S.K.: 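Quick one: the structure is below, and I'll ask about it shortly.
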Amino acid sequence: MVAIPPPPPPRPADRPGPPIDPARVRQLVEQFLAGHDPAALAPREFLRARFDAGLAWVHYPVGLGGLAASRALQPVVDASFAAAGAPDNEPRRIGIGLGMAAPTIRAHGTDEQRRRFLRPLWTGEEIWCQLFSEPGAGSDLAALATRAVPDGDDWVVTGQKVWTSIAHQARWGLLLARTDPDLPKHQGLTYFICDLTAPGVEVRPLRQLTGEAEFNEVFLTGVRIPDRHRLGAVGQGWQVARTTLMNERVAIGGGAQPREGGLIGVLAQTWRERPELRTTGLHDAVLRLWVRAEAARLTAERLRQQLAAGEPGPEGSAAKLTFAQLNQEISSLELELVGADGLQYDDWRLRRPVLVDFAGRTPGYRYLRAKGNSIEGGTSEILRNIIADRVLGLPSEPRVDTDRPWKDLPR
Amino acid sequence: MVAIPPPPPPRPADRPGPPIDPARVRQLVEQFLAGHDPAALAPREFLRARFDAGLAWVHYPVGLGGLAASRALQPVVDASFAAAGAPDNEPRRIGIGLGMAAPTIRAHGTDEQRRRFLRPLWTGEEIWCQLFSEPGAGSDLAALATRAVPDGDDWVVTGQKVWTSIAHQARWGLLLARTDPDLPKHQGLTYFICDLTAPGVEVRPLRQLTGEAEFNEVFLTGVRIPDRHRLGAVGQGWQVARTTLMNERVAIGGGAQPREGGLIGVLAQTWRERPELRTTGLHDAVLRLWVRAEAARLTAERLRQQLAAGEPGPEGSAAKLTFAQLNQEISSLELELVGADGLQYDDWRLRRPVLVDFAGRTPGYRYLRAKGNSIEGGTSEILRNIIADRVLGLPSEPRVDTDRPWKDLPR
Amino acid sequence: MTDLRYGELEQELRGTVREMLSAQSPPEQVLARCEGGDPYDPKLWRTLAAEMGLAGLAVPERYGGGGAGWREAAVVLEELGRAVAPVPYLGSAVVATAVLRAVDDRALLTDLAAGAATAALAAPFATAPGPPTDPTVRAAGDNLTGTVRGVADALHADVLLVPTGDGLFAVPADTPGVGRHPLVTLDLTRPLCDLSLAAAPGWRLAAGPESARAVAAGLTAGAALLASEQLGVAEWCLDTTVEYVRTRYQFARPVGSFQALKHRLADLWVEIAQARAVARHAAGCLATGDPDTPVATALAQAFCAPVAVHAAEECVQLHGGIGFTWEHPAHLYLKRAKSGAIGFGTADRHRATLATLVDLPG
Amino acid sequence: MTDLRYGELEQELRGTVREMLSAQSPPEQVLARCEGGDPYDPKLWRTLAAEMGLAGLAVPERYGGGGAGWREAAVVLEELGRAVAPVPYLGSAVVATAVLRAVDDRALLTDLAAGAATAALAAPFATAPGPPTDPTVRAAGDNLTGTVRGVADALHADVLLVPTGDGLFAVPADTPGVGRHPLVTLDLTRPLCDLSLAAAPGWRLAAGPESARAVAAGLTAGAALLASEQLGVAEWCLDTTVEYVRTRYQFARPVGSFQALKHRLADLWVEIAQARAVARHAAGCLATGDPDTPVATALAQAFCAPVAVHAAEECVQLHGGIGFTWEHPAHLYLKRAKSGAIGFGTADRHRATLATLVDLPG
């Protein structure tokens, strides 16, 4: 639940390897499979070997799970492995590691850090979480208060983080902490890799209005982090965090959807299967949402075509904004459509899901969970600010927080 | 098209007269009518006599057309005169005089000014207009640039005013001008009564997107205004203007409406009379607007009941906001409903109407004219600011314009 | 035109109820009760119904009631909505009371007025006022058999008012043959249950058209006055949000100083001011038996229900992360608002009713 | 999935058209033409149609056309919408061209491609694609009699394509027996007229089902590509508004720095980005004869028409007083947008079409 800062400056690319085409990459997978029978090897061993063969994420550098190849080849590799019945690394379960930690470590880590962390990250042996948001720093992430104080070769960290997905299963956390409160807020931050098994780390479930606890609060009390687990220079935390957050936004942008993919499909199905619920007024409402959902789908598709053609557009923030609005309106209408059935819920007991299951539960759950879509990963208000400022180039509001020492800011 | 400043501090009431009840006031009207036969007297003579009898606006002081009676008695008086077939002063035609000039002169004028101006204002012999808005000072009225420079016993005024209803027929204008550009913007203003027949005053029609020119631009070039036509102290213009604008808001709040009064009635009538236009989708849209229009009507009625009971509520700004939204949405839907007929317009020729005739023209005219409802008399954006600041007490935005000399403000 | 203001006595009543509720049942405590699995607060209900005598507000004085009528009950409901209070006021003191007034049942009305009994109409909470639907309970003599799904405020009621094809019956809720099966509800604060009757003995309150009229009176009163509860829900949501954004700082400013939020909250305030007029009109019409009551009731539900939902949704959103948590009571209001938008029929249903009533045919 | 991007050639085409339009027909000049009573700009049309060869973009190469197809014509329409240009491109180069392609009329297509003639389908502008309606013109031999109301782009056309109960006819517009009666239109920039035919001689282009198919092809192309014109209208409105609020100061700040306006403009930008994808999809489907064309077309009109209206309304509102004046061109866009929302059927009509096409029955 954080603001998304401006995109990072492009980092010098890792040395490109020799040109590789789809046929070549398929050949490499075949060669690998010839030497590594997925049916015979333990999944973890198989994945480690795949990483070492450069077939994990082919656009990563050689030696770090990749072939320095084009990112566009990755689906070819994945499809080839899937066709062979090979185990995957359960990408949705380790989404934060793959989507946010890996690009950040790749871009800002030392060689030692990249060697140490990327392999078990990719294989799923080590799960990652993000320790950014705080109770007092949500949209205004750069105002965060968790302190990191140097002590010998360590940093001693104290503070509270919230909205931390999967922290209860994670080994490592991407931690943003304040190392100099006398500087303006963006300048006094440093980025660390925090061992969640270290003394002083306490993870507590954070329950949502759905009854579930998808997230956690993480209390850090005198946690010692060795300086070698600092990512980027002291005071450069905000720049490093940009990489993490940009990749969060891309991750939320999501994959291709068929027509009626997403919640509109659930609504349409109910409409078709339960004619007794239909009224002329609700018919119009269903059609209006269908139109908007289809427009949003085509817009996401257009964005994907542009990205694939190397023409990134600014529609990413817009896609998330629209996704939240539609999910909320569709699930709200669904409850009205099902009427009396909508008065019930399936289960209020505290649960700890790793993934959100919109389709598998009741209309009431969808309605409630969708409320989070406009808060998590950047509120809709912050996304509108981003579009207004960066896409439309509208003048800034008067700012009162960027030039003064962090410690003097009202809060 | 101006912002509405906070309400003025209550002015010490004029001396209250003896208590008067409805029966007594009816008796006074009867006595007056016995001496002044409306069928025999010229309307103007009749109205002058009525004013002199204190039966013009009974809540005004004795000698200024009133009886220092309760305002609630005015409808009794008006009804009695109407029942006798007496001429009225065409109140809609002289609305600015009655609604804005009169209360301002009454509250801030000298005794001489009140004696000079109120009688011909009320009888309709002298029409008034308002010279406030400027091309560069719309929502931010207090930033206006028209300069008034003292010269002997006169002020010499130069500047440009816009959105001036009825200036082409008016004798007098309520003028707000800058007398000290070195002061912060609210402090350097002075309020004048401007003779529109004076040399240097040029009135030009200002055409709207409807094709009509309801308004005017007024160019003031070295116009001399005697100091005795200054209303209030030098530098007190903003305080005086508050009285004018508060009364504008009350005037826009308007009278009681029956169910389906206003544009919703036009839409409902079309719906009923032209069944061939109906579709299920439009049905829902019509019903939704009917619900909102009826809610708005009840809200206005509640406000009126509160005002009548001496409990003024803050709903005045809200009523105007809602009125604009509903007019715009209803007229928009009406165009969609009439379909092919909506592609036509009645007449684009430049006309100079004094009153807006929503019901008498085509759906296209209603659609276009309603666009002005959210601009004129305070934009909807300014009204939302007012509600947020004064009703909800939300914190102010950072201000950059209130403490610096007007001449140094960016514009 | 009905009087749309609040009278002095109504304002006093409001003050008393609000004070009691904030002392005895703040939202945090309601949340704690919900977590315990049974939100119903018998002590609170006793205070309201018996000690303060508010269950009898709409019961005629000759039966020991306040004789004050629906306008006052509506004020109580505003406060109950504002406190998201888990008591069966709407079901017993409004719906059942209106039913019993229609059949002029001295004994039960006297018990209700005294707070000695709580009653519930055995109809699904989602039932809109309107033409009667086929009853799902049949009577064999005075013994009733059948099921009614999703009934509000019945779980702790003493007496059930049961419509059947053979008239309206009263059935003591603890009679053998009466089963009450609690549902897991979206709204944690208004328990629903399925009723099953297996030859449960009762007694007839009315037959034929009088029975249908009584049920209709109950549903109309419920729908009309639910609007006031919704108004209270909306008011709490707006007030709480305004307070939060005044004190929550981001970017070194109170977030309530950001104009986009200010405008949204201003729009919400406008909606709520309208909902107030609409709800007062419905209560006023009901109180005076105004012929406009059916229109006023349908309007109230078509307008006020969505306003409450909108207010609760903005409350959650503008609280940011904290509004999405279980520990903040905002969600109790969201769930109450959204369920209330289905209770006594959806806004869509009420717009369809209006189409007929005000001659805007489809 | 269709290609939703703009190709390089399309971007070049856009640049050329935009440059020409901003030089030859800025909005201020369009306004001046409208004030003169006849907005049609024959010189501009000659430049577009004959000199730049854009009228023939969708005419097959064998008839001297560009053979490029509908995607490129859609780009031209975006620019024409952006310039609110008073030329009959939609009527002649899209609708009539699609009709003539359907009947493969070499002679007329050749003339259209060369810019030597302008044609119009004699159907009311408000006609949606869909089942054919009863023709209002009847044929006696080759002589046509009847009236057609509210026809777009026909006032200055050379040839009228007239559907009758007896097939589709071509009628030279200057033939005796043809009356064209200009209407006072809401949209000042797209003239409409009533056509009256009194035994006007023509020749038959197609009979029976082929005639109906040709008319349907014309209306579908018109509806699908009007979305691109609407996109252009919306883009101009957003761009112009953004530029205005950047430079208009009130309260010593650019009004575009006020967050409420920023959020509204951000929302509008999001809508327009969606309209772009939707309009590209419709043009792409039309270009490839995709079986999804009917859905894409109905979607395009259901979505893009309201976006253009919304953009134009925000443009007027956020310009404050100046946006409400005649002298600022914003109203030309408002009128074009609102009339376009009726042209080829309203969004409501297209939603009803979608209900059938995507199996969401009422």
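Letters go in sequence order (proteins before strands), and every chain restarts at 1. The model shown is predicted, which means the values in this text are computed figures rather than measured ones.
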S.K.: Looking at C/K338 and C/L186, would you say the former's side chain and the latter's main chain have a donor-acceptor pair under 3.5 Å?
M.R.: no
S.K.: Hey, can you tell me if C/F324 and A/F215 have their rings parallel, tilted or perpendicular (30° and 60° cut-offs)?
M.R.: perpendicular
S.K.: Of the listed residues (C/E35, C/H331, C/Q317), which shares the most heavy-atom pairs with chain A below a 4.5 Å separation?
M.R.: C/Q317
S.K.: Using non-hydrogen atoms and a 4.5 Å limit, figure out which bit of A/A143 sits close to chain C: side chain, backbone, both or neither.
M.R.: neither
S.K.: Heavy-atom pairs under 4.5 Å with chain C - which of A/T402, A/D346, A/D347, A/L343 has more of them than the others?
M.R.: A/L343
S.K.: Are more than 12 heavy atoms from other residues, nucleotides or ligands located less than 6.0 Å from atom CG of C/D359?
M.R.: yes
S.K.: With a 4.5 angstrom heavy-atom cut-off, which part of A/E212 approaches chain C: side chain, backbone, both or neither?
M.R.: neither
S.K.: Report the C-alpha separation of C/K335 and C/D187 in whole Å, then their side-chain angles, then the decisive distance to 0.1 Å, and conclude whether the salt bridge (Lys or Arg N to Asp or Glu O under 4.0 Å) test is met.
M.R.: CA-CA 5 Å; C/K335 293 161 184 173; C/D187 178 359; over 6 Å; no
S.K.: Measuring heavy-atom distances to chain A, does C/R248 have an atom under 4.5 Å in its side chain, in its backbone, in both, or in neither?
M.R.: side chain
S.K.: What residue in C/V316, C/V309, C/L188, C/L261 has the most heavy-atom pairs under 4.5 Å with chain A?
M.R.: C/L188
S.K.: Select one option (side chain, backbone, both, neither) describing which atoms of A/S374 are under 4.5 Å from chain C's heavy atoms.
M.R.: both
S.K.: Please classify the contact between A/R349 and chain C as side chain, backbone, both or neither, with a heavy-atom cut-off of under 4.5 Å.
M.R.: neither
S.K.: So which of C/R264, C/R349, C/Q259, C/R190 has the biggest tally of heavy-atom pairs under 4.5 Å with chain A?
M.R.: C/R264
S.K.: Using a 4.5 angstrom heavy-atom cutoff, name the option from C/R351, C/R149, C/E327, C/R253 with the most pairs to chain A.
M.R.: C/R253
S.K.: Do any N or O atoms from the side chain of C/Q230 and from the backbone of C/A308 form a donor-acceptor pair under 3.5 angstrom?
M.R.: no
S.K.: Looking at C/H350 and C/F344, would you say the former's side chain and the latter's main chain have a donor-acceptor pair under 3.5 Å?
M.R.: yes
S.K.: Where do C/P182 and C/L155 come nearest, in terms of heavy atoms and distance?
M.R.: CB-CD2, 4.0 Å
S.K.: Would you call the rings of C/F258 and C/F251 parallel, tilted or perpendicular, taking 30° and 60° as the class edges?
M.R.: perpendicular
S.K.: Considering residues at least two apart in sequence or located in another chain, which fulfil the ring-ring contact (aromatic ring centres under 6.0 Å, His included) criterion with C/H310?
M.R.: none
S.K.: When only heavy atoms count and the cut-off is under 4.5 Å, which of residues 357-368 of chain A reach chain C?
M.R.: A/G364, A/Y367, A/L368
S.K.: Where on A/N385 is there a heavy atom nearer than 4.5 Å to chain C: the side chain, the backbone, both, or neither?
M.R.: neither
S.K.: Passes salt bridge (Lys or Arg N to Asp or Glu O under 4.0 Å), A/D140 versus A/K185? Steps please.
M.R.: CA-CA 10 Å; A/D140 186 13; A/K185 64 181 185 178; 2.6 Å; yes
S.K.: For C/A330, which atoms come within 4.5 Å of any heavy atom of chain A: side chain, backbone, both, or neither?
M.R.: neither
S.K.: Counting only non-hydrogen atoms closer than 4.5 Å, does C/L332 touch chain A with its backbone (N, CA, C, O), its side chain (CB onward), both, or neither?
M.R.: neither
S.K.: Would you say C/H328's side chain and C/G323's backbone share a donor-acceptor pair under 3.5 angstrom?
M.R.: no
S.K.: Given that the side chain runs from C-beta out, which part of A/L335 has a heavy atom under 4.5 Å from chain C: side chain, backbone, both or neither?
M.R.: both
S.K.: So which atom in A/G237 and which in A/L176 form the shortest heavy-atom distance, rounded to 0.1 Å?
M.R.: O-CD1, 3.5 Å
